[in-house]
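Starting from 1, each residue takes its place in the sequence as its number. For the numbers below, each heavy atom of this structure counts, side chains included, while hydrogens, waters and symmetry mates do not. Whatever order the structure lists them in is the order used to number ligands and atoms, beginning at 1.
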Amino acid sequence: MDYVKLVLFFMLFPFLCQLTFCSSLYLLCPKEQALSLLQFKNMFTIDPNAYCFEGVQSYPKTLSWNKNTDCCSWDGVYCDETTGKVIELNLTCSKLQGKFQFNSSLFQLSNLKRLNLSYNDFSGSLISPKFGEFSSLTHLDLSDSRFAGLIPAEISRLSKLQVLNIHGYSDGFRFGPHNFELLLKNLTQLRELNLEYVNISSTIPLNFSSYLTTLHLRNTQLYGTLPEGIFHLSNLQSLDLSGNPQLTVRFPTTKWNSSASLMDLVLTAVNATGRIPESFGHLTSLRTLRIASCNLSGSIPKPLWNLTNIEVLYLGDNHLEGPISDFFRFGKLRLLSLRNNNFNGKLEFLSFNRIWTQLEWLDCSVNSLTGPIPSNVSGMQNLQWVSLSSNHLNGTIPSWIFSLPSLIDLELSDNHFSGNIQEFKSETLRRVSLKQNQLQGPIPKSLLDLQGLQFLLLSQNKLSGHIDSTVCNLTSLLVLDLGSNNLEGTIPLCLGEMSILQVLDLSNNSLGGTINTTFSIGNRLGVMKFDGNKLEGKFPQSLINCTFLEVVDLGNNELKDTFPIWLGALPELQILNLRSNKFYGPIKDSRTDNLFAQIRVIDLSSNGFSGDLPVRLFENFEAMKINSEKSGTREYVGDNFYYPISLIVTTKGLELKLPRVLTTEIIINLSGNRFEGHIPSIIGDLIGLRTLNLSHNRLEGHIPASLHQLSVLESLDLSSNKISGEIPQQLASLKSLEILNLSHNHLDGCIPKGKQFDTFENSSYLGNDGLRGFPLSKDCGGDEGVPQPTTPFGLDQEEEEEEEGDSAIISWQAVLMGYGCGLVIGLSIIYIMLSTQYPTWFSRMDVELEHKILKRMKKHKKRISV
Ligand SMILES: *[C@@H]1O[C@H](CO)[C@@H](O)[C@H](O)[C@H]1NC(C)=O
Ligand SMILES: *[C@@H]1O[C@H](CO)[C@@H](O)[C@H](O)[C@H]1NC(C)=O
Ligand SMILES: *[C@@H]1O[C@H](CO)[C@@H](O)[C@H](O)[C@H]1NC(C)=O
Ligand SMILES: *[C@@H]1O[C@H](CO)[C@@H](O)[C@H](O)[C@H]1NC(C)=O
Ligand SMILES: *[C@@H]1O[C@H](CO)[C@@H](O)[C@H](O)[C@H]1NC(C)=O
Ligand SMILES: *[C@@H]1O[C@H](CO)[C@@H](O)[C@H](O)[C@H]1NC(C)=O
Ligand SMILES: *[C@@H]1O[C@H](CO)[C@@H](O)[C@H](O)[C@H]1NC(C)=O
Ligand SMILES: *[C@@H]1O[C@H](CO)[C@@H](O)[C@H](O)[C@H]1NC(C)=O
Ligand SMILES: *[C@@H]1O[C@H](CO)[C@@H](O)[C@H](O)[C@H]1NC(C)=O
Ligand SMILES: *[C@@H]1O[C@H](CO)[C@@H](O)[C@H](O)[C@H]1NC(C)=O
Ligand SMILES: *[C@@H]1O[C@H](CO)[C@@H](O)[C@H](O)[C@H]1NC(C)=O
């Protein structure tokens with residue numbers, strides 16, 4: 001009997017051991033390893049706020065490590081069953097924080113096979129060369145753990161490695177020269193390699209492990225030509241080389257040896273110029289194909305339609321063409337982006353039942369799609385993001401779109417949709433953009449019931465009726481853009497109670513009455529555009545409660561008030577436009593400090609202001625005293641609002657609609673008032689000024705020589721005043737000046753010579769009988785006394801480059817001749833809204849067209865100086 005018990009005991013021993021008491025007998029973790037682990041633990045603090053990526057729980061595993069228990073039982077520690085030695089350490093997402101010592105006690109665990117330290121915070125530590133001493137290591141994961149600097153060549157000693165993951169975005173995380181080549185050459189067992197965001201800065205060598213299943217080298221500064229062998233790795237499942245624009249990729253033209261295994265092919269923004277080869281048709285296992293921003297052209301080759309398992313397809317930002325209807329063949333699509341190509345045809349195929357029931361994301365923006373959206377579509381239960389913006393779609397927007405049960409973002413702007421907007425039933429909606437269409441009728445009531453709505457963009461349509469005060473029920477709303485419609489009635493009083501609203505654009509409608517809306521304390525309003533309406537009465541006092549205001553545009557209304565100097569107390573105010581109203585009276589000069597300290601654009605033109613120019617106010621314009629030309633960063637007013645702030649400005653004799661306003665666009669326009677007295681020389685301190693327009697006033701005295709300090713001034717208009725004396729010769733140093741208008745004053749003496757002054761024509765000086773010199777026919781007689789230019793004529797290289805850069809963010813819609821400004825015919829150019837960042841659908845526009853319009857502007861500018 002006892003014998004049987006004994007046999008039974010030995011048979012069950014291992015199981016009992018694991019369950020209960022005897023781990024201390026033969027699974028005991030060697031003491032020195034426990035000690036090493038505890039030392040390692042003590043090198044770090046626990047960051048309670050650390051979080052991990054979705055789906056993985058982040059918790060401090062090392063907290064369970066305790067010297068009174070067997071280290072093999074510790075969280076994240078695994079031992080060899082026979083030797084008891086620690087062979088695996090899984091400390092991913094363990095909230096560790098602190099420097100990782102070069103001589104860390106961890107390196108004493110020489111039997112480690114798997115080491116996962118990903119998603120901790122090693123605070124910019126270098127990776128120790130001692131990692132190369134873990135000679136048994138098969139799996140090493142150091143990703144996203146804030147390691148930095150040079151990755152040691154010693155990693156290449158880990159010749160048994162099967163999985164190496166070091167991806168992570170951090171400054172200067174990089175390989176030394178040839179180390180990448182060495183790595184691939186030596187790690188012959190590699191199956192998975194992920195080095196995303198490491199600066200490899202190398203070509204891809206021809207030698208690499210034939211076992212590779214996963215190769216992820218996104219954003220690694222690779223260059224040269226991708227060896228075709230990569231496509232023939234017979235086990236390859238996932239290849240991601242995106243974001244290596246210098247890497248030339250030529251796809252195999254015949255069979256790919258990886259065709260049976262390859263599931264994810266991600267080659268966004270590599271140099272893969274040319275057509276998509278037919279050989280792609282062999283990749284029958286493909287689930288994900290992303291070849292966006294690759295300069296690809298031509299149509300989708302027929303064999304590709306065989307790839308019926310594709311779920312994710314990104315072909316955006318190429319030059320691909322062909323009818324959109326063919327895409328119905330990819331019946332399992334979840335995400336489809338064809339944005340910014342030349343696809344054409346109609347969307348009829350959407351009405352084929354059964355297909356695309358799992359579609360979540362549909363982006364066909366910026367193509368040449370025509371016709372209506374079919375009305376009999378059903379089954380798109382999962383559709384969350386729809387963008388069809390910037391096509392030629394027309395007809396009414398069918399009601400099924402407004403009833404999609406999962407819809408979050410509906411972007412249909414810049415098409416030819418007409419008819420009324422139907423009732424909305426998609427309660428999940430957060431963003432609706434129907435801008436730039438021909439929609440008419442009222443704003444549907446149901447739209448104003450969508451409690452989660454954050455962005456409502458309906459501008460540039462023909463919507464009519466009143467703005468219902470139920471709009472204020474949209475308590476999540478951040479941006480309300482109803483501009484450029486035919487809305488009438490008054491501005492709802494309750495708008496002032498929308499506590500998180502940031503952008504309120506009601507411009508260019510027929511709204512009337514006084515602005516009685518009371519904005520409450522604590523509101524977040526940053527942009528208020530009511531320009532181009534028929535608003536009357538006083539300037540709204542309660543704006544003083546809007547401490548986040550950056551832009552106030554009330555131009556082109558019928559407001560009748562004195563200058564709201566108190567507005568200067570708003571600390572963020574950058575743009576104030578009151579042009580073409582009935583403001584009157586002198587601008588009370590205030591000595592209060594910090595008034596209008598951030599102002600960059602102030603346009604008070606075409607009002608009835610009188611008295612002296614506000615010298616003390618100019619003194620306060622701190623933001624204008626900075627010439628940020630050389631800072632290099634390109635910032636826009638209102639960048640924080642995820643919404644491009646457009647503004648109509650008059651500069652260089654043109655009326656421009658800027659789609660976004662650069663913070664360097666510094667403008668003072670006080671023209672068309674009854675200002676009198678002298679031009680204060682303090683204006684010369686506002687060295688950031690690009691446009692100064694004091695024309696059509698009653699100014700007298702001399703032009704202050706201090707204006708020569710305005711080194712970035714592009715447009716100076718002092719015309720139609722009573723200014724006398726000579727043009728200060730120092731102004732010849734204004735190297736950026738493109739437009740000068742001094743006409744209709746009482747100036748005399750010699751026109752300065754050199755630089756920009758050699759480019760101005762007669763029209764700049766008309767109506768000043770005393771002026772002499774080029775370009776006027778009256779000779780100035782000799783060059784004596786006229787300073788010669790010290791640098792060669794023209795824009796210097798840097799400025800020309802900057803101008804090129806500017807052109808990339810503005811795009812052209814129409815050139816309308818015949819804009820009348822004062823007496824002379826001007827040219828009005830309307831730019832369309834375009835943002836490089838948001839909404840993403842707009843990010844790439846026809847750059848060539850932009851260049852054309854800029855050239856045209858340059859050509860015209862001399863002929864049209866006002
Ligand atoms: C490592 O730990 C993470 C999170 O604690 C867990 O999700 C993962 O499955 C573990 N990995 C292994 C191989 O045990
Ligand atoms: C590592 O080196 C530091 C000094 O550079 C020393 O203080 C520390 O004790 C060493 N740690 C180990 C585990 O050897
Ligand atoms: C490390 O852990 C993460 C989970 O946080 C996991 O995704 C990754 O695959 C692991 N690395 C290795 C090499 O097992
Ligand atoms: C390459 O791997 C071998 C072991 O297979 C090793 O001895 C050698 O040092 C490694 N070379 C480099 C440069 O790391
Ligand atoms: C990447 O490294 C190369 C050479 O080491 C260097 O010239 C380049 O500036 C680096 N690029 C980035 C983005 O850090
Ligand atoms: C892109 O590839 C083409 C050939 O396909 C080559 O002529 C061109 O120089 C490459 N461009 C870059 C930036 O490598
Ligand atoms: C793939 O497409 C081609 C042409 O479109 C066709 O001839 C071929 O039979 C298809 N192959 C498969 C496996 O469906
Ligand atoms: C839509 O545009 C097409 C031309 O692309 C035109 O034939 C058709 O009449 C238009 N339909 C509507 C409703 O405007
Ligand atoms: C919307 O606001 C109105 C008052 O303007 C109120 O009567 C109505 O109950 C509100 N609706 C919702 C859904 O909150
Ligand atoms: C604004 O208030 C004034 C005076 O209280 C009133 O006469 C006017 O009708 C109100 N206007 C609007 C649009 O409510
Ligand atoms: C500022 O807001 C408060 C309510 O928060 C309001 O009572 C007050 O009248 C507002 N100020 C002005 C000048 O309208």
**Study point:** Check: Thr92 N/O within less than 3.5 Å of ligand 3 N/O
**Key:** yes

Review point. Hey, mind stepping through Glu311 and Lys332 against salt bridge (Lys or Arg N to Asp or Glu O under 4.0 Å) and telling me if it holds?
Key: CA-CA 5 Å; Glu311 293 173 18; Lys332 292 188 183 164; over 6 Å; no

Check your understanding: Which heavy atom of the protein is the closest neighbour of atom 4 (C) of ligand 5, given with residue, atom name and distance?
Key -> Ser201 OG, 3.7 Å

Review point. For atom 3 (C) of ligand 3, which candidate among Asn194, Asn116, Asn90 holds the nearest heavy atom?
Key: Asn116

Point to revise | NZ or CZ of Arg146 within 45° of Phe122 ring axis and under 6.0 Å | key: no

Review point. Who's the nearest protein heavy-atom neighbour of atom 7 (O) of ligand 3, and how far?
Key: Phe53 CZ, 4.1 Å

Review point. Are more than 12 heavy atoms from other residues, nucleotides or ligands located less than 6.0 Å from atom OH of Tyr51?
Key: no

**Study point:** Taking atom 13 (C) of ligand 5 as the reference point, the nearest protein heavy atom with its distance
**Key:** Gln221 NE2, 3.7 Å

Practice item. List the steps, then state whether salt bridge (Lys or Arg N to Asp or Glu O under 4.0 Å) holds for Asp80 with Lys85. Key: CA-CA 5 Å; Asp80 184 282; Lys85 299 227 166 96; over 6 Å; no

Review point. Is it the case that more than 12 heavy atoms not belonging to Arg329 sit under 6.0 Å from its CZ atom?
Key: yes

Review point. Short N/O distance, under 3.5 Å, between Asn199 and ligand 5?
Key: yes

Revision key, fill the gap. One finds that the ligand 3 atoms under 4.0 Å from a non-hydrogen atom of Val163 are 13 (C)

Review point. Are His319 and Asn342 close enough that a side-chain donor and a side-chain acceptor fall under 3.5 Å?
Key: no

Check your understanding: Is there a salt bridge (Lys or Arg N to Asp or Glu O under 4.0 Å) between Arg339 and Asp317 once you walk through the steps?
Key -> CA-CA 6 Å; Arg339 65 179 304 271; Asp317 299 307; 3.0 Å; yes

Review point. For ligand 6, which atoms, with element, lie under 4.0 Å from some heavy atom of Asn271?
Key: 1 (C), 2 (O), 3 (C), 8 (C), 10 (C), 11 (N), 12 (C), 14 (O)

Practice item. Any atoms of ligand 6 less than 4.0 Å from a non-hydrogen atom of Gln246? List them with their elements. Key: 13 (C), 14 (O)

**Study point:** Nearest-contact summary for atom 8 (C) of ligand 3 - protein heavy atom, Å
**Key:** Asp141 OD2, 3.5 Å

Check your understanding: With respect to the side-chain SG atoms, do Cys71 and Cys29 come within less than 2.5 Å?
Key -> yes

Practice item. Identify the protein heavy atom lying closest to atom 5 (O) of ligand 6, giving its residue, its atom name and the separation to 0.1 Å. Key: Thr248 CG2, 4.0 Å

